[in-house]
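When reading the values below, keep in mind they use all heavy atoms of this one structure, side chains included, and skip hydrogens, waters and symmetry mates. Whatever order the structure lists ligands and atoms in, that order sets their numbers, starting from 1. All residue numbers refer to positions in the sequence shown, counting from 1.
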Amino acid sequence: MSEIFQPNPEFAKNANIGSMDEYNTLMNKAKENYEGFWGDYAKEKLDWIEPFTNVLDESNAPFVKWFDGGKLNVAAQCIDRHLDTRKNKAAIIFEGDRGDVQTITYLDLFKNVNRFANLLKEDFGVQKGDRVVIYMPMIPEAAYAMLACARIGAIHSIVFGGFSSEALKDRIEDAEAKVVITADGAYRKSKPYMLKPVVDAAITEGSPVKKVLVVERNNEDVTWVAGRDYSYNELIKDKSTACEAEPMDSEDPLFLLYTSGSTGKPKGVQHNSAGYILWAQMTMEWVFDVKENDTYWCTADIGWITGHTYIVYGPLAMGATTVMFEGVITYPDAGRPWSMVENHRINQFYTAPTAIRVLHKMGEDAPAKYDLSSLKVLGTVGEPIDPPAWKWYYEEVGSSKCAIVDTYWQTETGGHIVSPLPGATPIKPACATLPLPGIMAEILDPATGEVSEVGETGYMCITKPWPAQIRGVWGDEERYKKSYFGDVVKDGKPVYFTGDGARYDEDGYITITGRTDDVINVSGHRMGTAEVEAAIKKHSNVAEVAVVGKPHDLKGEGIFAYIVLKSDDGVADEVEEVKAINTIIKKEIGNIAVCDDMIFAPGLPKTRSGKIMRRILRTLAKGEEVTQDISTLEDPSIVATLTSMVNCKTC
Ligand code: PRX
């Protein structure tokens with residue numbers, strides 16, 4: 001039995017959802033009248049230009065429509081409607097790597113976004129429906145760029161700044177983006193680093209990109225291509241601060257965000273306007289319980305879904321103050337986040353388990369040196385958190401008075417789906433607890449579609465459409481259906497499958513056990529093993545490769561590659577070969593995909609039909625003994641060979 005911690009009663013008194021009774025009432029309301037539940041919230045929470053006529057249309061499932069007939073604009077939801085009451089309230093507090101702080105009020109945000117939107121329209125000819133790639137550091141202009149696209153109805157596709165030029169190029173081409181917004185670079189650990197050269201390398205002959213907008217952040221020298229590259233700092237000067245918000249249909253696309261799946265090609269996950277922004281706002285209010293005078297900080301990068309929903313769209317939709325941080329949380333030391341909490345009087349702090357593990361390791365006593373009394377809610381996201389890291393976070397950072405919300409969700413879900421509510425849910429270390437009200441999340445047995453028994457690992461599914469759900473994979477209807485609705489059938493109907501395994505405990509609480517597919521989770525970043533394999537195969541001497549995840553103390557999962565080389569004479573210089581392969585990975589994907597371990601093996605464990613038995617490779621990478629049946633392998637002796645190679649590497 002794991003420990004259980006009750007919500008802080010003082011906090012619960014004023015919480016938006018303050019008891020399990022309230023939680024159950026909301027959940028029951030959703031179960032009894034699903035459309036009524038969502039329709040009421042959509043009317044209450046959003047400002048409609050034209051009201052919707054239908055709550056949910058499932059007639060073409062799994063392609064669904066929410067709030068059909070309605071018109072609204074997401075940028076106006078995030079800015080304009082706050083101007084009457086929050087004009088001078090901080091919308092964004094930006095802290096640069098070197099400690100420079102900038103406060104952007106809602107009125108400033110309105111003006112900056114409108115100027116940006118006018119620039120995109122007037123100078124770049126961006127129109128409704130055009131795709132705009134944003135490849136930016138964590139600076140306020142990144143948020144302006146997102147909201148400027150939303151204001152004029154352009155679809156943004158943010159590519160994480162750590163991705164390489166090849167990865168950026170693939171994403172630009174798949175979305176057929178005609179504009180890229182970037183920066184010369186930014187600062188990391190007090191030193192300038194560059195992004196513009198990566199963009200230059202990604203735009204090659206035949207690229208759909210016609211114009212590049214460059215925010216000058218660090219003023220380092222960059223190459224300017226005449227007629228293609230323009231300085232934001234110059235063009236923005238004469239732009240008007242007035243820009244009409246484009247009325248968008250509820251189901252007009254808001255953004256694409258590429259994420260890894262089980263094939264080599266990343267998927268362009270599409271989110272649309274009304275349903276996404278509704279759930280972004282509701283989860284901010286419920287899960288982080290942000291109040292009018294609170295200051296909220298999420299440490300994610302805007303290149304990931306967490307940065308989209310919980311740095312920009314969710315906080316701004318509810319009129320909150322959101323902190324944006326350019327730097328590295330362990331620089332100049334592991335006290336950085338705690339000094340920021342103290343200085344900005346931060347009330348909600350949201351980060352990834354990897355960050356918690358690193359902060360714990362590098363600065364176990366650091367939280368005690370700062371005044372963290374402003375904190376009310378602590379959040380984690382992106383990967384399972386281990387109990388020791390959870391305990392340290394709870395006791396040392398939260399002084400055992402803040403709830404930890406272990407939020408389980410994905411790029412595709414748009415917002416949280418399973419999470420504690422800080423004023424209601426008794427929490428257990430490392431447990432995502434219960435589905436949020438309105439989310440019909442169930443753990444199902446894939447063979448029968450029945451709800452899994454307590455303690456049995458099943459598939460984490462969502463059995464009814466929800467407003468913030470993925471609307472499609474850009475340009476690939478079949479892939480959307482196959483990726484999410486192909487594996488589990490309940491009551492004769494295919495249901496959304498997350499790709500994760502999970503199990504119920506005796507209280508009905510949900511613990512996520514990890515991916516069931518060939519996706520690994522490195523420091524909370526999703527990585528398709530097939531993507532890494534495709535990069536490694538670009539090395540001319542690689543004949544075969546299989547990549548699996550392995551447990552990693554800090555990163556959660558590390559990347560383990562088994563490589564068969566073409567040359568018979570084995571590896572002339574292993575260190576050089578590893579370097580060469582990692583260089584290719586950095587070029588094709590980025591530093592985040594560099595392998596933690598590589599084994600140059602004489603062969604891979606394959607069945608007679610040629611299928612690689614990855615389970616064996618995973619077992620070996622974990623340092624465990626292979627106990628599964630290997631008699632069906634073409635060459636069972638390969639298992640003993642690999643075992644001794646792995647043991648030798650780890651001994
Ligand atoms: O495996 C789950 C894991 O992260 C995956 C989603 O990754 P991504 O789309 O990049 O979004 C990350 C931020 C939401 C999931 O399929 N995951 C996410 N949150 C948790 C988690 N695993 C365990 N516990 C969590 N709280």
Side-chain angles (χ1 to χ4, degrees), residues 158-160 162-163 255-262 266-271 276 279-280 283 287 298-311 313-314 350-357 378-387 389-390 393 404-420 425 427-436 439 441 443 457 459-462 468-470 473 483-484 487 496-503 509-529 531 549 555-557 592-593:
I158 306 189
V159 179
F160 170 59
F163 276 123
F255 65 80
L256 307 180
L257 183 55
Y258 283 81
T259 190
S260 299
S262 42
K267 301 179 269 205
V269 171
Q270 180 185 328
H271 280 290
Y276 170 80
W279 191 230
T283 45
V287 176
C298 165
T299 68
D301 189 285
I302 49 140
W304 309 111
I305 190 67
T306 309
H308 286 59
T309 310
Y310 296 114
I311 295 178
Y313 287 117
Y350 191 32
T351 196
T354 294
I356 298 167
R357 286 190 288 266
L378 300 173
T380 82
V381 57
E383 48 179 324
I385 178 165
D386 43 297
W390 192 99
Y393 199 33
I404 293 185
V405 288
D406 179 348
T407 62
Y408 166 72
W409 60 298
Q410 321 176 286
T411 304
E412 293 86 344
T413 66
H416 306 145
I417 52 172
V418 178
S419 171
T425 320
I427 49 176
K428 300 181 187 181
C431 177
T433 72
L434 297 167
L436 289 172
I439 301 293
I443 305 171
T457 300
Y459 279 20
M460 190 72 241
C461 297
I462 309 179
Q469 88 173 53
I470 174 178
V473 172
S483 307
Y484 305 107
D487 290 299
Y496 177 89
F497 171 44
T498 57
D500 286 304
R503 61 168 183 271
Y509 275 26
I510 292 170
T511 296
I512 305 297
T513 54
R515 303 285 308 189
T516 61
D517 52 10
D518 289 324
V519 171
I520 49 184
N521 196 326
V522 183
S523 305
H525 303 316
R526 232 159 106 173
M527 190 70 55
T529 51
E531 267 173 89
K555 299 200 266 183
E557 267 190 297
I592 47 173

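- Which parts of ligand 1 touch Asn521 is read off a 4.0 Å heavy-atom cut-off, strictly below it: atoms 3 (C), 4 (O).
- At the top of the distance list for atom 4 (O) of ligand 1, counting protein heavy atoms only, stands Gly382 O, 3.1 Å.
- Under the 4.5 Å side-chain criterion, counting only non-hydrogen atoms from C-beta, Val522 is not in contact with Ile592.
- Considering both main-chain and side-chain atoms, Gly524 never comes within under 3.5 Å of ligand 1 through any nitrogen or oxygen pair.
- Note: no N/O pair closer than 3.5 Å links Glu412 and ligand 1 by distance alone.
- Between Trp409 and ligand 1 there is a heavy-atom distance shorter than 4.0 Å.
- Within ligand 1, counting atoms from 1 as listed, the ones closer than 4.0 Å to a heavy atom of Pro384 are 22 (N), 23 (C), 24 (N).
- The option with the heavy atom closest to atom 2 (C) of ligand 1, from among Thr380, Asp500, Asp406, Ile512, is Asp500.
- Numbered from 1 in the order shown, with element, the atoms of ligand 1 that lie under 4.0 Å from a heavy atom of Val381 read 13 (C), 14 (C).
- Close approach of ligand 1 to Thr407 is summarised as follows: ligand atoms under 4.0 Å from at least one heavy atom of the residue are 19 (N), 20 (C), 25 (C), 26 (N).
- Side-chain atoms of Tyr496 and Gln469 form no donor-acceptor pair, as typed in the model, at a separation below 3.5 Å.
- With contacts defined as side-chain heavy-atom distances shorter than 4.5 Å, the pair Phe497/Tyr484 does not qualify.
- Thr498 and Gln410 share no side-chain donor-acceptor pair at under 3.5 Å.
- Trp409 and Tyr310 have perpendicular rings, their planes meeting at more than 60° on a 0 to 90° scale where under 30° would count as parallel.
- In the vicinity of Arg526, heavy-atom distances shorter than 4.0 Å reach the ligand 1 atoms 6 (C), 7 (O), 8 (P), 9 (O), 10 (O).
- Here's the thing with Thr498: none of its N/O atoms is less than 3.5 angstrom from an N/O atom of ligand 1.
- Residue contacts with ligand 1 for His525 are absent, since no atom lies close enough (heavy atoms, distance under 4.0 Å).
- Residue Tyr408 is tested with Asp500, Thr433, Thr511 for a side chain to side chain donor-acceptor pair (under 3.5 Å); the sole match is Asp500.
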Checking side-chain contact (heavy atoms from CB on, under 4.5 Å) for the pair Ile311/Thr306: CA distance, chi angles, key distance, verdict?
-> CA-CA 7 Å; Ile311 295 178; Thr306 309; over 6 Å; no
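- Tyr350 and His416 have perpendicular rings, their planes meeting at more than 60° on a 0 to 90° scale where under 30° would count as parallel.
- Summary of contacts: the protein heavy atom closest to atom 9 (O) of ligand 1 is Thr411 OG1, 2.6 Å.
- Of all non-hydrogen atoms in Val405 and Ser419, the two that sit nearest each other are CB-OG, 3.9 Å.
- Of the heavy atoms in Gln410, both backbone and side-chain atoms come closer than 4.0 Å to ligand 1.
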Residue pair Arg526, Thr411: steps toward the side-chain contact (heavy atoms from CB on, under 4.5 Å) verdict | CA-CA 10 Å; Arg526 232 159 106 173; Thr411 304; 4.2 Å; yes
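- For ligand 1, the polar-atom distance check finds no N/O of Thr259 at less than 3.5 Å from any of the ligand's N/O atoms.
- At the top of the distance list for atom 13 (C) of ligand 1, counting protein heavy atoms only, stands Thr306 OG1, 3.4 Å.
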